[in-house]
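What follows is one structure encoded as structure tokens, with my remarks underneath.
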Amino acid sequence: MNEAHRYTHGHHESVLRSHQRRTAEDSAAYLLPHLQPGSSVLDIGCGPGTITADLAARVAPGPVLAVDQAADVLDVARAEAETRALSNVSFATADVHALGFPDDSFDVVHAHQVMQHVADPVLALREMKRVCRPGGIVAARDADYAGFIWFPRFPELDLWLDLYERAARANGGEPDAGRRLLSWARTAGFDDITPSGSVWCYATPETREWWGGMWADRILRSGVADQLLRSGLATAAQLGEISAAWLAWAAAPDGWLLMPHGEILCRA
């Protein structure tokens, strides 16, 4: 079954619960020193808008345009901006492969956890470069699923990782995008690139409960669960076992998980 060019996670509540926890500090720290009040920002794949709102607060009164392919998730992002009384944010649907904006439109073009999902990351980065002003910054950060490390090593979680990577690639994505960002940026024509990396680590009772509980729900009810069942890659019983394993991991007093990310800062 060809699932190409589908967003693997979908926008189930369990997915939004994950994305709404993100902040500019934990997801775009490599970019923050380069932001200035008055700068214009294009935030691609904004999702529920928590990172967008943080960026907008930092560059105010500079304008921030937040875009996503899914119109429904933009309603969530708008509500986030309204709750935080941000007047410098606007929203639109857009496809990163063909951004409908003139050349040299923005000082900063940012994408968090986007390149792993797109059909053509090099084309996407070329488009981001095109709409960025000369001397401006194109910034991207992506996870690298093959680099995930966790303890205790429940075998059901090994199955989770294998199934997720297979589903993501069936959708035309690259779940190990983090290690490829530098290569993609070079191919896209950037020659002034600062590569870096950072991690998320979940090892406290509170963070384990959040991550384990979120994935316990996500593997049963989100877009990836629907796809795995529909394609025959997994059975409902297997997904139930994975869900239970995430809860067991979260309850383990020595539970620990590390999620690595690649990052690039490119001068246009």
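Numbering of residues begins at 1 and proceeds along the displayed sequence.
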Of all the heavy-atom pairs spanning [X] and [Y], show the shortest one and how long it is.
X	Y	answer
L228	A167	CD2-CB, 4.0 Å
M128	A111	CE-CB, 3.8 Å
Q116	A143	NE2-N, 3.7 Å
L74	V67	CD2-C, 4.4 Å
L99	R130	O-NH2, 2.7 Å
P260	L258	CD-O, 3.8 Å

(message) Looking at D217 and R221, is any side-chain nitrogen of the basic one under 4.0 Å from a carboxylate oxygen of the acidic one?
(response)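 Answer for the salt bridge query: yes.
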
(request) Run the salt-bridge test on R84 and D54 with the 4.0 Å N-O cut-off and return the result as yes or no. (result)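 Yes, charged N to carboxylate O under 4.0 Å.
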
(message) Any non-hydrogen side-chain atom of R58 less than 4.5 Å from a side-chain atom of V41?
(response)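 Heavy-atom side-chain distance check fails, nothing below 4.5 Å.
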
(request) State, yes or no, whether a side-chain contact exists between R186 and S183 at a heavy-atom distance under 4.5 Å. (result)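 When only atoms from C-beta onward are counted, S183 and R186 do not touch, as no gap falls below 4.5 Å.
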
(request) State whether a side-chain donor-acceptor pair under 3.5 Å links E80 with T50. (result)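 No - no donor-acceptor pair under 3.5 Å links their side chains.
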
(message) Hydrogens and angles aside, do S231 and R166 bring a side-chain donor and acceptor to less than 3.5 Å of each other?
(response)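 R166 and S231 do not have a side-chain donor-acceptor pair below 3.5 Å.
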
Let me confirm one number: the [atom1]-[atom2] distance from [X] to [Y], rounded to the nearest 0.5 Å.
X	Y	atom1	atom2	value
L159	E241	CG	CD	8.5 Å
R267	H34	CZ	NE2	6.5 Å
I242	I219	CD1	CD1	5.0 Å
W210	T207	CH2	OG1	8.5 Å
L239	E156	CG	CD	12.0 Å
S39	R133	OG	CZ	9.0 Å

Quick check on the hydrophobic clustering: are [X] and [Y] connected, directly or via other members, by side-chain heavy-atom contacts under 4.5 Å?
X	Y	result
V118	L123	no
L247	W150	no
L32	V108	yes

(request) Show your reasoning for whether ring-ring contact (aromatic ring centres under 6.0 Å, His included) applies to W160 and W215. (result) CA-CA 10 Å; W160 162 79; W215 264 108; 5.2 Å; yes

(message) Let's go through R218 and W246 carefully: what are the C-alpha distance in whole Å and the side-chain angles of both, what is the deciding distance for side-chain contact (heavy atoms from CB on, under 4.5 Å) to 0.1 Å, and is it a yes or a no?
(response) CA-CA 10 Å; R218 203 158 157 177; W246 274 122; over 6 Å; no

(request) Could you please spell out the steps behind the side-chain contact (heavy atoms from CB on, under 4.5 Å) verdict for D142 and R180? (result) CA-CA 9 Å; D142 266 274; R180 292 171 167 83; over 6 Å; no

